[in-house]
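Structure first, then comments.
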Amino acid sequence: MPPPIAIFDLDGTLADTAPDLIATLNVILRAEGLPEVPLERARDMIGAGARAMIDRGFELARRELTPRRADELFRDFLAIYAENLCVGSRLFDHVEATLGELSGAGYRLAVCTNKVELHSRRLLEALGIAGHFSAICGRDTFPWYKPDPRHLTMTIEAAGGDAARAVMVGDSRTDIDTAKAAGIPVVAVPFGYTDVPVTELGPDIVIRSYAELIPAIGALPGHGGLGGRDRD
């Protein structure tokens with residue numbers, strides 16, 4: 001039988017990547033003669049990927065963006081961001097210890113993100129946690145990406161995990177909608193990037209920090225016995 005699996009979003013879930021993402025977006029906006037986006041707008045800018053960030057930046061400036069120009073700026077964004085993946089980005093508290101504990105309990109781990117795969121791998125390597133994951137699947141890994149549930153189910157398959165004992169961990173509507181469409185329970189973190197509080201989006205459980213993740217997963221059907229005390 002395949003092992004149970006925990007699948008994580010990246011931006012706003014495993015790591016606070018807003019400083020580098022917003023900085024890259026602002027390079028694009030400045031070049032277009034548009035006002036920069038303040039870092040405090042990150043929560044409602046980032047959740048759906050870089051292309052959506054560019055769209056939202058133009059919307060805030062009330063400037064029309066054609067599909068062709070959007071494609072060009074998206075390529076520019078990827079090139080700039082590739083050189084600035086981990087300048088200000090940091091793991092959230094307790095992430096690395098929690099990943100180790102899940103692996104020790106027999107879980108496969110994977111990342112399912114709308115960041116492109118190469119950037120995801122390089123960022124996770126720079127953050128020192130890439131080795132924990134059996135699969136790192138980005139926007140361009142498959143023909144589909146979140147919120148299409150096939151992005152999640154194919155990530156589980158790529159990691160060799162048991163879809164019947166899977167759990168998604170995310171921070172946004174995109175993650176929650178993807179997990180629900182795939183029929184997989186979802187644990188939400190409230191400290192990521194979302195324009196609507198995750199408590200209003202119907203996840204199975206909301207945790208305040210990664211110190212609560214192990215017992216939260218243990219409370220889900222099919223994951224019994226994982227539990228234990230929260231870590232300080």
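What you see is a predicted model; the values in this text were computed from it and never measured.
- Under the 3.5 Å distance criterion, the side-chain polar atoms of Asp171 are matched with a main-chain donor or acceptor of Tyr193.
- If you check the side chains of Ser172 and Asp175, you find a donor sitting under 3.5 Å from an acceptor.
- A donor-acceptor pair shorter than 3.5 Å can be found between the side chains of Asp20 and Ser89.
- Within the 4.5 Å cutoff, the side chain of Ile7 has no heavy atoms near those of the Val169 side chain.
- Separating the OG1 atom in Thr24 from the CD atom in Glu83 is a distance of 10.5 Å, to the nearest 0.5 Å.
- The distance from the SG atom of Cys112 to the CZ atom of Arg139 is 12.5 Å, given to the nearest 0.5 Å.
- For Arg69 and Glu72, the salt-bridge test passes: some basic side-chain N is under 4.0 Å from an acidic carboxylate O.
- Side-chain atoms of Thr178 and Asp148, non-hydrogen and from C-beta on, never get closer than 4.5 Å to each other.
- Looking only at distances, no side-chain donor or acceptor of Asp11 sits under 3.5 Å from a matching main-chain atom of Thr17.
- Remark: side-chain polar atoms of Lys180 are paired, donor with acceptor, to backbone N or O of Gly202 under 3.5 angstrom.
- Of the listed residues (Val167, Leu220, Val187), just one forms a side-chain contact (heavy atoms from CB on, under 4.5 Å) with Asp204, and that residue is Leu220.
- Shown here is Glu117, whose CD atom has more than 12 heavy atoms of other residues, nucleotides or ligands within 6.0 Å.
- Side-chain contact between Phe77 and Val27: absent, with no pair of heavy atoms (C-beta onward) separated by less than 4.5 Å.
- The backbone N or O of Ala97 lies less than 3.5 Å from no partner atom in the side chain of Glu101, so there is not a single donor-acceptor pair.
- For the pair Leu25 and Leu21, the minimum side-chain heavy-atom distance is 4.5 Å or more.
- In this structure, the side chain of Asp16 does not engage the main chain of Arg90 through any donor-acceptor pair within 3.5 Å.
- Leu99 is connected to Leu124 through a chain of hydrophobic side-chain contacts under 4.5 Å among Ile, Leu, Val, Met, Phe, Trp and Tyr, so both are in one cluster.
- Looking at His223, its side chain never comes within 3.5 Å of a backbone N or O of Gly218 through a donor-acceptor pair.
- A 4.5 Å side-chain heavy-atom check between Leu123 and Lys115 finds at least one atom pair inside the cut-off.
- A salt bridge links Asp9 with Lys146; the closest basic N to acidic carboxylate O contact falls under 4.0 Å.
- Side chain of Arg165 to main chain of Pro2: a donor-acceptor pair is present (N/O by atom type, distance under 3.5 Å, no hydrogens or angles).
- Using a 4.0 Å cut-off between charged nitrogen and carboxylate oxygen, Glu125 and Arg121 do not count as a salt-bridge pair.
- Remark: the backbone N or O of Tyr210 is paired with a side-chain donor or acceptor of Thr98 at under 3.5 angstrom.
- Taking the side chain as every heavy atom from C-beta outward, Cys86 and Leu127 approach each other to under 4.5 Å.
- Proximity of Tyr81 to His119: side-chain heavy atoms (C-beta onward) are separated by under 4.5 Å at one or more points.
- Residues Leu14 and Phe92 have side chains not in contact (no heavy-atom distance under 4.5 Å, counting atoms from C-beta outward).
- Using a cutoff of 4.0 Å between basic side-chain nitrogens and carboxylate oxygens, Asp71 and Arg51 are scored as salt-bridged.
- Judged by distance alone, with hydrogens and angles left aside, the side-chain atoms of Thr141 form a donor-acceptor pair with the main-chain N or O of Gly138 at under 3.5 Å.
- Formation of a donor-acceptor pair under 3.5 Å by the Arg108 side chain with backbone atoms of Ala159 is found in this model.
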